[in-house]
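Working notes, structure below.
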Amino acid sequence: DIQMTQSPASLSASLGETVTIECRASEDIYSNLAWYQQKPGNSPQLLIYDANSLADGVPSRFSGSGSGTQYSLKINSLQSEDVASYFCQQYNNYLTFGSGTKLEIK
Amino acid sequence: EIQLQESGPGLVKPSQSLSLTCSVTGYTITSGYDWSWIRKFPGNKMEWMGYISNSGSTNYNPSLKIRISITRDTSKNQFFLQLNSVTTEDTATYYCARGNYVFDYWGQGVMVTVSS
């Protein structure tokens, strides 16, 4: 199985800040990576696929980057509605998920 | 609007079978896309369980292959999860979702506890 190591586990940031969440794969996943947001009490929402493609309806302040084994999700100009958990998922070899990052507003 | 909704018992006894239904509205499950089950354990680890394709074929996580079955009822636009011989380690929130490797619509999830 490909292991996905996500960091940090939790994050506190101020409104308007830029935050970055990272995922490291145990082997090259060739940009076959998605990012999801899950707000409390809600179902997960797809944010990014193919490492850097924005899903339909997702605000442009979200962006994804990376290659090989290292990937990141960046949120520019943090808004209050961005309070959520975020997790990555690789689909290069079956599917495995990161452990999630809980984002709070400072 | 595409919506998925899981339903099923919230409590299952060890060694029994877990059976869940995903009801899909706003999209016909035979029109395209594949339809998956994913679960989230206490502690937040997530596991893709398997999918049923729009043509009815299935693909399962190898770690569950001997215990899992995903089927569908196209007349009701529903698909189903059956997980046999459950243990306490199958306690999780179970989600259905559209897709087979990237999931663009998810249900709200149903919490299932395995306990005697």
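Proteins get letters first, then strands, A, B, ... in listed order; numbering begins at 1 in each.
To the nearest 0.5 Å, the span separating OH on A:Y49 from OH on B:Y101 amounts to 9.0 Å. For the atom pair OH of A:Y94 and OH of B:Y60, the computed distance is 12.0 Å after rounding to the nearest 0.5 Å. To the nearest 0.5 Å, the span separating CG on A:D1 from CG on B:N61 amounts to 7.0 Å. Residue B:W106 holds its CH2 atom at 13.0 Å from CG of A:N42, rounded to the nearest 0.5 Å. Distance check, rounded to the nearest 0.5 Å: CD of B:E47 to OG1 of A:T96 gives 10.5 Å. Atom NZ of B:K40 and atom CD of A:Q38 lie 4.0 Å apart (nearest 0.5 Å).
Cluster annotation: B:M111 is not connected to B:L20 through the hydrophobic network of ILVMFWY side chains, with a link wherever side-chain heavy atoms come within less than 4.5 Å. By the rule that hydrophobic residues join a cluster once side-chain heavy atoms approach within less than 4.5 Å of another member, A:F87 and A:V58 end up as members of separate clusters. Connection of B:W37 to B:L4 is established within a shared hydrophobic cluster, with ILVMFWY side chains joined at heavy-atom distances below 4.5 Å, either directly or through further cluster members. Hydrophobic clustering (side-chain heavy atoms under 4.5 Å, transitive across Ile, Leu, Val, Met, Phe, Trp, Tyr) keeps B:Y95 apart from B:V112. B:F79 and B:W48 sit in two unconnected hydrophobic clusters of ILVMFWY residues. Membership requires side-chain heavy atoms under 4.5 Å apart, directly or through other members.
Within a 6.0 Å sphere centred on CD of B:E89, other residues, nucleotides and ligands contribute 12 heavy atoms or fewer. For CZ of A:R24, the number of neighbouring non-hydrogen atoms (other residues, nucleotides, ligands) closer than 6.0 Å is 12 at most. No more than 12 heavy atoms of other residues, nucleotides or ligands shown are found within 6.0 angstrom of OH on A:Y30. The number of heavy atoms from other shown groups lying within 6.0 Å of OH (B:Y27) is above 12.
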### Message
Assess the residue pair A:Y36 and B:V102 against the criterion (side chain to side chain contact (heavy atoms under 4.5 Å, CB included)); give the C-alpha distance rounded to whole Å, side-chain angles, the decisive distance to 0.1 Å, and a yes or no.
### Response
CA-CA 10 Å; A:Y36 298 88; B:V102 173; 4.1 Å; yes
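Between B:N100 and A:L95, the closest heavy-atom pair is O-CD1, 3.5 Å. Shown here for B:G107 and A:S43, the closest heavy-atom pair between the two residues is O-CB, 2.8 Å.
At a threshold of 4.5 Å between non-hydrogen side-chain atoms, the residues A:F97 and B:I38 count as touching.
Of the two parts of A:S99, only the backbone, made up of N, CA, C and O, holds a non-hydrogen atom closer than 4.5 Å to a non-hydrogen atom of chain B. Both the backbone and the side chain of B:F103 come within less than 4.5 Å of a heavy atom of chain A.
Most heavy-atom pairs under 4.5 Å with chain A: of the set B:G99, B:S63, B:P62, this distinction falls to B:P62. The candidate with the highest count of non-hydrogen atom pairs below 4.5 Å against chain B, out of A:A55, A:G100, A:G98, A:P44, is A:P44.
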